[in-house]
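Atoms considered below: every heavy atom in the structure, side chains included; atoms not considered: hydrogens, waters and symmetry mates. All of these numbers come straight from a predicted model, not from anything done at the bench. In what follows, chains carry the letters A, B, and so on, assigned in the order in which the sequence lines appear, proteins first and then strands, with residues in each chain numbered from 1.
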There are 2 protein chains.
Amino acid sequence: MLWILPAERPAMPAPPANSPGIRERETAPKNGAERRRAGRPAAAVLDLAGITAAALRLISENGYDGLTMAALARSLHVAPSALYNHVESKRDVLLLVEDHLTALVDVTAFAAEPWESAVRKWAWSYRDVFAEHTPLIPVIAVLPVTDAPRTLAMYETVSAGFRAAGFPEERIVSAIVALESFIFGSAYDVTAPADIFDSGSMAESTPSFTGAVRSLAAQGHGKPADVAFSLGLEALIGGFGALRE
Amino acid sequence: MLWILPAERPAMPAPPANSPGIRERETAPKNGAERRRAGRPAAAVLDLAGITAAALRLISENGYDGLTMAALARSLHVAPSALYNHVESKRDVLLLVEDHLTALVDVTAFAAEPWESAVRKWAWSYRDVFAEHTPLIPVIAVLPVTDAPRTLAMYETVSAGFRAAGFPEERIVSAIVALESFIFGSAYDVTAPADIFDSGSMAESTPSFTGAVRSLAAQGHGKPADVAFSLGLEALIGGFGALRE
DNA sequence: ACCTGAACACCGTTCAAGT
DNA sequence: ACCTGAACACCGTTCAAGT
């Protein structure tokens, strides 16, 4: 099991110039294939931060289909087997990416705004981040928080916000889980094709649904995924707000 | 693209005794490897209903890791390439399974009960069916309804129920999509390990979250996934119910 | 039209050998 | 400890050949 220790990923100090990571990638491939020969190199070529950055670059270029261990190794100029000195499996790579992305979710409003607007900003931000990374959702859903310290940090901030807003303690986790379930499902919805509800040749045998789809399209302010997300989120915020003491 | 035409899957009439499908599987493997030789057989060995049934059997025995085209072919006593006379890709097999499962979702309450309890029964049934089949969720989320007639039939029944309950037409699809997003996310949650929220060695640095997790565990009536699903679902039903005219 | 059999281009992962 | 290089056991899919 991979352990992402906080010490491995310092927040502020820039790594020294001779450390591995992205820097390596910018200088190494200059041109002629001056390839490494077998054996341990004088300084390590790989580290977790560099692997994470390379994985994110591959994903942004070619999507998750482009994230293979072979492609990841190639982009880092190592043999595929070299990766296994740093991660136990491809799932560990996905965990590194997940923990990186969760740190991008905006939780700042919990320190500065009323509960309703803080939850609203957090939920939209969370959905937007993972709508671009839906292949991670099955990983997150089963991920023990112990394995992802930044994910755990997000939960701490959010639960503290719920507590400060007067939520009964025994309901906090359930409310967060329910919101997260809605957020993950809605992230998939963002990726759905525009014509997902086109009933095609079955239209006349499904009059109620077809009419409802046309009615939504006719008024059409906002993307359908955003309208549905807003509708559900406001219902959840309204319902949960009533639980506060 | 695979088209699951209604004519291919009659609801009531049992197939004739000499038709392919499950029956074939029960009689064929009797013992000695009396193998088919190349060339078109006198009667087709495969059909979509048989492929679907074999896929469901493999999934129930070994999970989705066990559903490979090679294993599917083996269980049907054909070469893997024979499957491609009936489906274009493995995704088509997943669509066959999805359409079969959606038909198991209970929508009967929409004809007989008030809107609130009908939605409640539908949502619990929908979650329970797909909690056992989470690998299908990424497929469903992007699936045009045209490709899955039984899924479309479910939407017709549900949207007719919303309409009859006084929902404004232009909100029906958004409300259903929001509920579905919550249901899909919650289906993942059912599969999460029991200790998913164990903060481990980070417990003292996350007092608010750790306390909330302990408080939930302490009172612990019901599985956490069920408690969260109930909480979210009731909030959505309450919020959406207020939209009715 | 619908099967077999052989192939193709991958995939994640393992492991001996090297320094 | 951390690389290379060669292998392994798969994967989904294609296609010529057969009837």
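The partner of dC11(C) is absent, by the rule that a Watson-Crick or G-U pair needs both atom distances under 3.5 Å. For dC2(C), the paired nucleotide is dG18(D), the pair qualifying as Watson-Crick or G-U wobble because both relevant distances are below 3.5 Å.
Between Asp47(B) atom CG and dC3(C) atom C1' the separation is 15 Å, expressed in whole Å. Nucleotide dA16(C) holds its P atom 14 Å from the CG atom of Asn85(A), rounded to whole Å. A straight line from NZ of Lys90(B) to P of dC11(C) spans 16 Å, rounded to a whole angstrom. Across the protein-nucleic acid pair, Asp65(B) atom CG and dA9(D) atom P stand 19 Å apart, rounded to whole Å. What separates CG of Leu48(B) from C1' of dC2(C) is a distance of 14 Å, to the nearest Å. If you take CG of Leu76(B) and C1' of dT4(C), they are 15 Å apart, rounded to a whole angstrom. Spacing between atom CG of Leu83(B) and atom C1' of dT4(C) amounts to 13 Å, rounded to whole angstrom units. One atom, CZ of Arg74(B), and another, C1' of dG5(C), lie 16 Å apart when rounded to the nearest Å.
At the phosphate of dT4(C), OP1 or OP2 sits under 4.0 Å from a side-chain N or O atom of Arg36(B).
Two residues, Arg37(B) and Ala82(A), neighbour DNA chain D, and the one matched to the more 5' nucleotide by heavy-atom proximity is Ala82(A). Across the interface with DNA chain D, nearest-nucleotide mapping of Met69(B) and Ala38(B) shows Met69(B) to be the residue nearer the 5′ end.
Closest contact between the side chain of Tyr84(A) and the listed nucleotides dC3(D), dT14(C), dG12(D) involves dT14(C). With dG18(C), dT13(D), dC3(C) as the choices, the nucleotide that has an atom nearest any side-chain atom of Arg40(A) turns out to be dG18(C). Closest to the Ala44(A) side chain, of the nucleotides dT4(D), dC3(D), dT13(D), is dC3(D). Out of dC2(C), dC2(D), dT4(D), the shortest distance to the side chain of His86(A) is found at dC2(D). The Pro41(A) side chain lies nearest to dC2(D) when the options are dC2(D), dC3(C), dC11(C).
Relative orientation of the Trp124(B) and Phe229(B) rings is perpendicular, given thresholds of 30° and 60° on the angle between their planes. Between His133(B) and Tyr64(B), the two ring planes are perpendicular [angle over 60°; tilted spans 30° to 60°].
Here CG of Asp189(B) is found 6.5 Å from OG of Ser186(B). Values are rounded to the nearest 0.5 Å. Separating the CG atom in Leu94(A) from the CG atom in Leu101(A) is a distance of 10.5 Å, to the nearest 0.5 Å.
Ionic pairing of Asp226(A) and Arg127(A) is present here: one or more N-O contacts between side-chain nitrogen and carboxylate oxygen are shorter than 4.0 angstrom.
Across all strands shown, Ser81(A) has heavy atoms under 4.0 Å from base atoms, whether or not it also approaches the sugar-phosphate.
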